[in-house]
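What's counted below: heavy atoms across the whole structure, side chains too, no hydrogens, waters or symmetry copies. First listed ligand is number 1; within each ligand, the first listed atom is number 1.
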Amino acid sequence: MASNQQNSASSAEIQLEDHPHQLPDLQELLTRSCTVHAPGTVANLVCGFDVLGLALNNPYDIMTLKIIEEPVVVIHNKDEYNLPEDPQKNVAGVALIAMIEKLDKKFGFDVTIEKKIMPGSGIGSSAASSAGAVVAANALLDNTFSRADLVQMAMLGEKLASGVKHADNIAPCIYGGVTLIRSIHPLDIVSVPAPPLFVTLVHPQIEVRTEDARQILRKQILLKDAIRQWGNIAGLVTGFMKSDYELISRSLEDVIIEPVRSILIPAFSEVKTRSLEAGALGGGISGSGPSIFMLSQTKETALLVEQKMKEVYGDTGIPFHTHVTTVNPEGVKRI
Ligand code: HSE
C-alpha cells in the first residue's frame with residue numbers, strides 16, 4: 001500500500017538496462033495522456049514465498065498520467081483511502097521519481113490515482129500503484145524502458161511500503177499471467193504458462209501490515225522443510241506448464257510461511273477446509289494477508305468456494321469482501 005513509512009528508497013540503487021533516450025520533443029510530450037488499469041495480484045502462490053505471483057482480472061486500479069514541465073511528481077488521489085500525496089511517501093511517487101532521475105530530470109509527471117484495490121488487502125495494492133505508474137509513464141515515452149527496468153523502479157515502491165524489495169506482486173502486475181521471480185539481484189523474471197484458473201478471494205477487513213507479517217517469520221528453517229517446499233514449488237510450476245490440475249493441487253502446500261502467518265488471519269483453517277471440500281484445487285494466504293485465495297478449475301467451483309467463504313466469515317462477525325475472478329494474461333493495460 002502507499003505508505004507513510006520512512007523506509008528509504010533511492011533510484012541510485014537500481015541499475016537499468018541500456019535504453020534509447022531518443023524521446024519525442026517536450027512540446028509533443030506535454031500533449032499526451034495515458035490511462036491504465038493496474039491489476040491486483042496474488043503473491044507467493046502458497047509455496048513460492050517472494051518468487052511466484054499471478055495477476056488478477058479484478059480488482060484493478062485506474063490511473064491517468066500526464067507529462068509536466070517541472071521534474072516533479074504531482075499526485076491526485078480520487079478515492080476514499082487518504083493515501084499520502086507527498087510523492088516521497090507514496091509508492092507511485094517514489095517509482096516515478098526514480099524514472100525522472102533516470103531521464104536526467106527533463107520533465108515530471110502528473111498522476112491521478114483511483115484505487116479500487118483496497119490498501120492493506122494482500123491483493124497487491126501497493127504494487128498496482130507503483131507498477132501502474134511506471135507502465136503508464138513508459139507508454140507516454142513510447143516505451144523507452146524495458147519491462148525489467150520498470151520492475152526495478154516499481155520495486156522502490158514495495159521497499160517504501162514494506163521495508164524490503166520483492167517483485168512477486170510487481171512482476172505479475174507488469175508482465176501479466178503467472179510469473180516466477182528467479183532472482184531479484186540480478187533481476188530474472190520468467191513468465192510461466194498456465195491453464196485456465198478461477199480465483200476466489202475473501203478479504204477480511206482487518207489490518208495485517210506486510211512489514212509486520214515479514215518480521216514474524218523464522219529466519220532459519222529446517223532442511224526437511226526446505227526440501228518439501230522446493231518440491232512443491234517445482235511441482236506447482238510444472239503443474240502450470242503441463243496444465244496438470246492434480247499436480248497443481250498437490251503442490252499448493254506451504255510448510256514454512258503459512259504455519260506462522262495464518263495465526264494472524266481469523267478462521268483461516270476453516271476457510272481452507274471448507275474451500276477444499278467444495279472442490280478448490282488449493283490456496284492459502286494471498287501475499288502477506290489478510291486476504292485468503294483459492295484456485296479452482298471451473299467457475300462453478302469458484303462460486304461455490306465464494307459461498308463457503310461467505311458462510312465462514314458471516315459467522316465471525318468480521319466485515320469482509322469477496323471476489324471471484326480469473327488470471328489476467330496481460331498485466332497493466334492501457335485503455
Ligand atoms: N512476498 C511478499 C510477502 C508479498 O509475502 O511478504 C507481500 O505482498
Hey, does the side chain of Asn44 reach the backbone of Asp50 with a donor-acceptor pair shorter than 3.5 angstrom? yes

Please step through side-chain contact (heavy atoms from CB on, under 4.5 Å) for the pair Phe49 and Arg214, ending with a clear verdict. CA-CA 11 Å; Phe49 179 70; Arg214 295 183 79 91; 3.9 Å; yes

Run the side-chain contact (heavy atoms from CB on, under 4.5 Å) check on Phe145 and Met153 step by step: do they pass? CA-CA 10 Å; Phe145 294 102; Met153 295 177 209; 3.6 Å; yes

Distance filter under 4.0 Å to Phe49 heavy atoms, resulting ligand 1 atoms: 3 (C), 5 (O), 6 (O)

Side chain, backbone, both or neither: the part of Arg261 lying under 4.0 Å from ligand 1 by heavy atom: side chain

Judged by atom type as modelled, is there a donor-acceptor pair below 3.5 Å linking the side chain of Ser130 to the main-chain atoms of Ser126? yes

Heavy-atom nearest neighbour in the protein, as seen from atom 8 (O) of ligand 1, with distance rounded to 0.1 Å: Asn169 OD1, 3.0 Å

Is there a polar contact between ligand 1 and Arg214, counting only N or O atoms under 3.5 Å apart? yes

Whether His37 and Tyr60 hold their rings parallel, tilted or perpendicular, with breakpoints at 30° and 60°: parallel

Provide, to 0.1 Å, the distance between atom 7 (C) of ligand 1 and the closest protein heavy atom, together with that atom's residue and name. His166 CE1, 3.5 Å

For ligand 1, find out whether one of its N or O atoms is nearer than 3.5 Å to an N or O atom of Asp168. yes

